[in-house]
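For the numbers below, each heavy atom of this structure counts, side chains included, while hydrogens, waters and symmetry mates do not.
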Amino acid sequence: MTKYRWAVILPLALAVLVVSAASWSVGADSLESVVDVQKYNRSIHIMAMLLVGFGFLMVFVKKYGRSAVTATYLLVSVALPLYIAIHSLGVFGEPVDVVIDKLILAEFAAAALLICAGAVLGRLQMEQYVLLAILFIPCYMLNEWIVLNGGLGVMTAGEFIDTGGSIIIHAFGAAFGVAVAMTMTTDSELSTEIESDFTSDRFSLLGSMVLWLFWPSFCAALVPAEAVPATALNVVISLCGATIATYLASIALRRKISMVDIANATLAGGVAIGSTCDTATPAVAFVIGILAGTLSTYGFAVLQPKVEKMLKGIDTCGVQNLHGFPGILGGAAAMFVVEGIANHTQLMGIVVTLVVALATGFVTGKILATFGRRAEPYTDAEEIIVED
């Protein structure tokens, strides 16, 4: 029996050696391919965030759900190819060689665009959403080039810390959107109530949960493979901190739980941890999440009416409360969390981003306004076939 065992074992051993030798010869390429596949998986998670997460989060407006989802489809479908086309031309610096990285960077731009669109949701005609995307993407890329890649010599490339886009994606998108809203809100819209109901709130909460679920992939999309687990843990812990803080703050400020707070401010931890998602400790991430959730809830419950009255503009989705304030908090937190950071560079990056966003957003709003206004805001019936 022994010789028969060896007759089986020896050929198997030789086969293993042959396969091993083959894998050694292409080891680097195989590892690269595995990393690309992992990035692909995260990119699909981000796509779920863009279409399902953002799409359903924005259907909280009672009579505008069909339009909100349609606009989401259009915004993403314009943003992705437009970003990749401009990027491939090398207009804003040298294009990235890795194909999957191009897609992820384009998805980041699409996320910032959806944040921006949330500020004027329900007050644009459908073709104006498309025009918004066309105008927004080059502005976003300009700021990305200046702050991250040293464009125009304003900042040193690589010194600004913003791994998960607290500033570049969230704060920029929010500030741009608020600037557009300042030029696109009419007097009648200021006095029009944004209605929600049981069904629209449930769908909005579904979108929020999809965003919560996949946010670790968003922040970890382009970090080195060895940093992905720690990054994912930090993001989840920060989201947990924000969720707990949202519940407590909502009770404290409103006496009852608000679905607006639960659907939005619970995500603020993901926004704020972005800048330091790959460098913070879980304890620090939890604190950042708590601060972000509290700040965001305070924004929705207290600040938003005052800010809208001051600016004479309606921020439909409250993007300044979810993405703007927590984004700035996250970018500033990097100065206390990341060792060896250049504080003046970090501050400059935040300021430059806000200035570029507000200036280009204001001009974009003026351009959009020349293409007319909706007859009635926050309703599908003006542009969508609605069956009774």
Does [X] use its side chain to pair, donor to acceptor, with the backbone of [Y] at less than 3.5 Å?
X: Glu382; Y: Ala375; value: yes
X: Thr246; Y: Ala265; value: yes
X: Asn143; Y: Val356; value: no
X: Asp315; Y: Val178; value: no
X: Ser208; Y: Ser204; value: no
X: Thr185; Y: Met182; value: no

Trace of the side chain to side chain contact (heavy atoms under 4.5 Å, CB included) decision for Phe362 with Lys366: CA-CA 6 Å; Phe362 189 82; Lys366 289 292 186 183; 3.6 Å; yes

Determine whether [X] and [Y] fall in the same hydrophobic cluster, where Ile, Leu, Val, Met, Phe, Trp and Tyr are linked whenever their side-chain heavy atoms lie under 4.5 Å apart.
X: Val210; Y: Met47; value: yes
X: Val120; Y: Leu131; value: yes
X: Val99; Y: Leu82; value: no

Within this structure, what is the [atom1]-[atom2] distance for the pair [X] and [Y], rounded to the nearest 0.5 Å?
X: Tyr247; Y: Ile262; atom1: OH; atom2: CD1; result: 9.0 Å
X: Leu267; Y: Ser238; atom1: CG; atom2: OG; result: 11.0 Å
X: Ile44; Y: Ile104; atom1: CD1; atom2: CD1; result: 9.5 Å
X: Ile137; Y: Leu142; atom1: CD1; atom2: CG; result: 12.5 Å
X: Phe54; Y: Leu75; atom1: CZ; atom2: CG; result: 11.0 Å
X: Met259; Y: Asp201; atom1: CE; atom2: CG; result: 7.5 Å

On the 0 to 90° scale, with breaks at 30° and 60°, tag the Phe136-Tyr140 ring pair as parallel, tilted or perpendicular. parallel

Of Phe108, Trp215, Phe176, the one forming a ring-ring contact (aromatic ring centres under 6.0 Å, His included) with His170 is Trp215

Looking at every heavy atom in both [X] and [Y], which two are closest together, and how far apart are they?
X: Leu121; Y: Tyr129; value: CA-OH, 3.7 Å
X: Phe300; Y: Leu322; value: CE1-N, 4.1 Å
X: Glu159; Y: Thr345; value: OE1-OG1, 3.1 Å
X: Ser166; Y: Ala272; value: OG-O, 3.5 Å
X: Ile384; Y: Arg66; value: CG2-CD, 3.8 Å
X: Val35; Y: Ala225; value: CG2-CB, 4.5 Å

Any heavy-atom pair between the side chains of [Y] and [X] that's under 4.5 Å?
X: Val307; Y: Gln320; answer: no
X: Cys240; Y: Val236; answer: yes
X: Thr276; Y: Ile288; answer: yes
X: Leu51; Y: Val76; answer: yes
X: Tyr378; Y: Lys63; answer: no
X: Leu124; Y: Phe371; answer: no
X: His45; Y: Pro216; answer: no
X: Leu354; Y: Ile328; answer: yes

Is it true that, when you exclude Met209 itself, more than 12 heavy atoms of the residues, nucleotides or ligands shown sit nearer than 6.0 Å to its CE? no

Do other residues, nucleotides or ligands put more than 12 heavy atoms under 6.0 Å from the CD1 atom of Ile385? no

Do Thr231 and Asn234 have side-chain N/O donor and acceptor atoms under 3.5 Å apart? no

Which residue, Val302, Leu248, Asp261, forms the side-chain contact (heavy atoms from CB on, under 4.5 Å) with Leu253? Val302

Pick from Val147, Val352, Thr353: which one makes a side-chain contact (heavy atoms from CB on, under 4.5 Å) with Ile167? Thr353

Let's go through Leu113 and Leu132 carefully: what are the C-alpha distance in whole Å and the side-chain angles of both, what is the deciding distance for side chain to side chain contact (heavy atoms under 4.5 Å, CB included) to 0.1 Å, and is it a yes or a no? CA-CA 8 Å; Leu113 171 61; Leu132 173 64; 4.2 Å; yes

Passes side chain to side chain contact (heavy atoms under 4.5 Å, CB included), Ile115 versus Phe172? Steps please. CA-CA 9 Å; Ile115 293 165; Phe172 182 89; over 6 Å; no

For Arg373 and Arg123: C-alpha separation, side-chain torsions, deciding distance, then whether side chain to side chain contact (heavy atoms under 4.5 Å, CB included) applies. CA-CA 8 Å; Arg373 307 278 186 176; Arg123 302 196 304 280; over 6 Å; no

Determine, step by step, whether Asp36 and Ser33 satisfy the side chain to side chain donor-acceptor pair (under 3.5 Å) criterion, reporting the C-alpha distance in whole Å, the side-chain angles of both residues, the deciding distance to 0.1 Å, and the verdict. CA-CA 5 Å; Asp36 284 350; Ser33 298; 5.8 Å; no

Do Phe56 and Phe203 make the cut of ring centroids closer than 6.0 angstrom? yes

For Arg374, is there an ion pair with Glu189 - N to carboxylate O distance below 4.0 angstrom? no

